[in-house]
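Read through the structure below, which is laid out as C-alpha cells, and then see the notes.
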Amino acid sequence: MGTRSNLDELRTSVRGKGLRATPSRLAVLELLKTTQAPMSHGDVADRLAGSSWDRATIYRNLTDLAEVGLVRRTDMGDHIWRFEAVSGDHDHPHFVCTECGGVECLPEIELAIRRAKAPRAVKQRKVEVHVRGRCDSCL
Ligand SMILES: [Zn+2]
Ligand SMILES: [Zn+2]
C-alpha cells in the first residue's frame, strides 16, 4: 500500500463516483495507478493473491471502477479485457506484441489527423489505437 495521502486521494475519487471505498476496491485502483501497463483480471488477481479477496470480488471491483470511469477497459484484440487507471482526459495508444501478447502504454504517441475525411469517431478521438509489432524482448 502507498502513502497515507495517496490512499486519501483514492478514497476521495472512489467516493466522488458514488462507490463505497472498500479496502479491496482501493487496493485494485492503487495497483492499476502504480502499474505502467494495462492489466488483465488475472494479472490483478495474481498481484493481490496475498490478500483475502477472492477473484470474483476483484473482478467486480474492476468492472465497478470501469463503469464509473475511474478505470478504462480495453480489448487489445485477444478478447481479454485489460484494465488501467484513467489519468487525464486523453486516451493513449497501446503497443501490442505480436509474439508474446505483451501490452505497453504509449502516452507519448498521438494520433494525428491530416485529412478532413476521417470518420467522426476518429476526429472525436472515440477510437482505440493499437500499434502492433515485436516488443524489445521478442525482437
Ligand atoms: Zn513480446
Ligand atoms: Zn495505457
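Numbers here simply count residues along the sequence, with the first being 1. Computed from heavy atoms alone, side chains included, the values below leave out hydrogens, waters and symmetry copies.
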Of the non-hydrogen atoms in [X] and [Y], which two are nearest, and what is the gap between them?
{"X": "Lys123", "Y": "Ala118", "answer": "CE-O, 3.2 Å"}
{"X": "Arg125", "Y": "Leu111", "answer": "NH2-O, 3.0 Å"}
{"X": "Ala37", "Y": "Val103", "answer": "CB-O, 3.4 Å"}
{"X": "Arg82", "Y": "Gly101", "answer": "NH2-O, 3.6 Å"}
{"X": "Asn61", "Y": "Ser24", "answer": "ND2-OG, 2.9 Å"}
{"X": "Leu32", "Y": "Phe83", "answer": "CD2-O, 3.5 Å"}

Measure the shortest side-chain to side-chain distance between [X] and [Y] over non-hydrogen atoms and say whether it is less than 4.5 angstrom.
{"X": "Arg73", "Y": "Thr63", "answer": "yes"}
{"X": "Cys100", "Y": "Ser137", "answer": "no"}
{"X": "Asp43", "Y": "Ser40", "answer": "yes"}
{"X": "Thr98", "Y": "Arg134", "answer": "yes"}
{"X": "His94", "Y": "Cys105", "answer": "yes"}
{"X": "Trp81", "Y": "Thr74", "answer": "no"}
{"X": "Val127", "Y": "Pro119", "answer": "no"}

Rounded to the nearest 0.5 Å, how far does [atom2] of [Y] lie from [atom1] of [X]?
{"X": "Leu65", "Y": "Leu29", "atom1": "CG", "atom2": "CG", "answer": "5.5 Å"}
{"X": "Met39", "Y": "Glu84", "atom1": "CE", "atom2": "CD", "answer": "11.5 Å"}
{"X": "Thr34", "Y": "Asn6", "atom1": "OG1", "atom2": "CG", "answer": "8.5 Å"}

In this structure, would [X] and [Y] fall into the same cluster of hydrophobic residues linked by side-chain contacts under 4.5 Å?
{"X": "Val131", "Y": "Ile80", "answer": "no"}
{"X": "Leu7", "Y": "Val71", "answer": "yes"}
{"X": "Val44", "Y": "Val14", "answer": "yes"}

Does [X], at its [atom1] atom, have more than 12 non-hydrogen atoms belonging to other residues, nucleotides or ligands within less than 6.0 Å?
{"X": "Gln124", "atom1": "CD", "result": "yes"}
{"X": "Arg47", "atom1": "CZ", "result": "no"}
{"X": "Asp78", "atom1": "CG", "result": "yes"}

Practice problem: Could you list the residues that satisfy side chain to side chain donor-acceptor pair (under 3.5 Å) with Asp46, not counting sequence neighbours? | Solution: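 For Asp46, no residue satisfies side chain to side chain donor-acceptor pair (under 3.5 Å) once neighbours in sequence are set aside.
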Quiz item: Would you find a donor on one side and an acceptor on the other, under 3.5 Å apart, between the side chain of Arg25 and the backbone of Arg20?
Solution: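 Between the backbone of Arg20 and the side chain of Arg25 there is a qualifying donor-acceptor contact (under 3.5 Å).
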Quiz item: Any donor-acceptor pair under 3.5 Å linking the side chain of His41 with the backbone of Arg55?
Solution: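 Pair found, side chain donor or acceptor close to backbone of Arg55.
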Practice problem: Quickly, which of Val28, Leu70, Thr22, Leu19 forms a side chain to side chain contact (heavy atoms under 4.5 Å, CB included) with Asp64? Name it, please. | Solution: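 The passing option is Leu19.
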Quiz prompt | Intermediate values then yes/no, side-chain contact (heavy atoms from CB on, under 4.5 Å), Val96 and Arg132 | solution = CA-CA 5 Å; Val96 184; Arg132 287 171 192 281; 3.8 Å; yes
